[in-house]
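Okay, so here's the structure we're looking at.
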Protein chains: 2
Amino acid sequence: MTGVADAYKALADPTRRAILDELTERDGQTLFELVTRLVTVHGLSSSRQAISQHLDVLEAAGLVHRRREGRYTFHHLDTAPLAEIARRWPSPPGGSPDPPE
Amino acid sequence: MTGVADAYKALADPTRRAILDELTERDGQTLFELVTRLVTVHGLSSSRQAISQHLDVLEAAGLVHRRREGRYTFHHLDTAPLAEIARRWPSPPGGSPDPPE
DNA sequence: TTGACATGCAAGTGTGTGCTTGCCTAACGT
DNA sequence: ACGTTAGGCAAGCACACACTTGCATGTCAA
């Protein structure tokens, strides 16, 4: 059972958030692509195994789906669980209005 | 500086999410009120100190503001940091309808 | 088949975190 | 003043988690 609670925990780690950012920018990347771009673009220094384990967490949370094809495994983003978070705590009445972008 | 990263970590704990739920339903509660209602309404069994520490985390994340008045400390919800989360990863095509928790 | 490539799997380690325990301070009512 | 109420502070413990290390599996090209 991939509870919604897993999505919250998945977002707790900055590396996993970077992975989501990276998949937002370029969906369907392989593990090696992700590691490479996380290092070069996002300035992280994570090993392949570390990223792989983060992807396990993201998959369990339903935020990432894996698609195996030959010896490659492509990773696809799914932001559906995040919409639930947005709906859960509505904006306060007469609260601070969000700045236009 | 209350980094945005703290908000993500703050949401990782189910008890803290219950606190946010409780403050959404009834804003400005004291510590004892929160403990009582979390036990009776939400079925949790958390001590006063535990809830107090959770409130520390939520305050550091900017999700809760404290207002001292006499011997009472009222807690107020601030969902502004959550809007940032919603904007970060936009929703893809027709989102699947998620069943509530 | 052989070798290189892309990935998966699992045990061990160190740090972080949620919770308890115990005591302390401050504000009210009598 | 005294006791009660509401809350704060800090140390210690047990578990979870992120990461490493090492090896195994599977796929493709030659």
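Letters go in sequence order (proteins before strands), and every chain restarts at 1. Worth saying up front: this structure is predicted, and the values here are computed from it rather than measured.
- Two different hydrophobic clusters hold A/Leu34 and A/Phe32 under the rule that ILVMFWY side chains link at heavy-atom gaps under 4.5 Å.
- For A/Tyr72, the listed nucleotide lying nearest its side chain is C/dA6; candidates were D/dA6, C/dA6, C/dT20.
- At whole-Å resolution of the value, CD1 in A/Ile51 and P in C/dG8 are 13 Å apart.
- A sub-4.0 Å separation between OP1 or OP2 of D/dA16 and a side-chain N or O of A/Lys9 is absent.
- Between the A/Arg16 side chain and the A/Lys9 main chain, a donor and an acceptor come within less than 3.5 Å of each other.
- Residues B/Ile85 and B/Val64 are members of one and the same hydrophobic cluster, defined by side-chain heavy-atom contacts under 4.5 angstrom among Ile, Leu, Val, Met, Phe, Trp and Tyr.
- Side chain of B/His75 to main chain of B/Gln29: a donor-acceptor pair is present (N/O by atom type, distance under 3.5 Å, no hydrogens or angles).
- Straight-line distance from the CZ atom of A/Arg66 to the C1' atom of C/dC9: 12 Å, rounded to whole Å.
- Side chain of B/Thr40 to backbone of B/Thr36: a donor-acceptor contact under 3.5 angstrom is found.
- In this structure a side-chain-to-backbone donor-acceptor pair under 3.5 Å is missing from A/Thr79 to A/Leu82.
- Checking the phosphate oxygens (OP1, OP2) of C/dT20, a side-chain nitrogen or oxygen of B/Ser47 falls inside 4.0 Å.
- Heavy-atom distances to DNA chain C give each of A/Thr73 and B/Val57 a nearest nucleotide, and the one nearer the 5′ end belongs to A/Thr73.
- Closest to the B/Ala50 side chain, of the nucleotides C/dT20, C/dG8, D/dA18, is C/dT20.
- Contact check, A/His54 against D/dC19: a side-chain N or O comes under 4.0 Å of OP1 or OP2.
- Rounded to whole Å, the distance from CG on A/Asp6 to P on D/dA16 is 14 Å.
- Straight-line distance from the CZ atom of B/Phe74 to the C1' atom of D/dG7: 13 Å, rounded to whole Å.
- The distance from atom CD of A/Glu59 to atom P of C/dC9 is 10 Å, rounded to the nearest whole Å.
- With a 4.5 Å cut-off on side-chain heavy atoms, A/Arg67 and A/Thr73 do not count as touching.
- Between the side chain of A/Glu33 and the main chain of A/Thr30, a donor-acceptor pair closer than 3.5 Å is present.
- For the pair A/Arg17 and B/Tyr8, the cation-pi test (distance below 6.0 Å, angle within 45°) is passed.
- The stretch residues 16-39 of chain A comes close to DNA chain C through A/Thr30, A/Leu31, A/Phe32, each having a heavy atom under 4.0 Å from the strand.
- Note on B/Ser52: a side-chain N or O is less than 4.0 Å away from OP1 or OP2 of D/dG8.
- Between the CG atom of B/Leu11 and the C1' atom of C/dT17 there is a distance of 16 Å, given to the nearest Å.
- For A/Asp27 (side chain) and A/Leu77 (main-chain N/O), a donor-acceptor pair under 3.5 Å exists by modelled atom type.
- Rounded to an integer number of Å, the gap from CG of B/Leu44 to P of C/dT20 is 12 Å.
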Write down the protein N/O and nucleotide N/O pairs, taken from nucleotides 22-27 of chain D, whose separation is under 3.5 Å; answer none if there are no such pairs.
none

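- If you measure from atom CD of B/Gln53 to atom C1' of D/dC13, you get 13 Å, rounded to the nearest angstrom.
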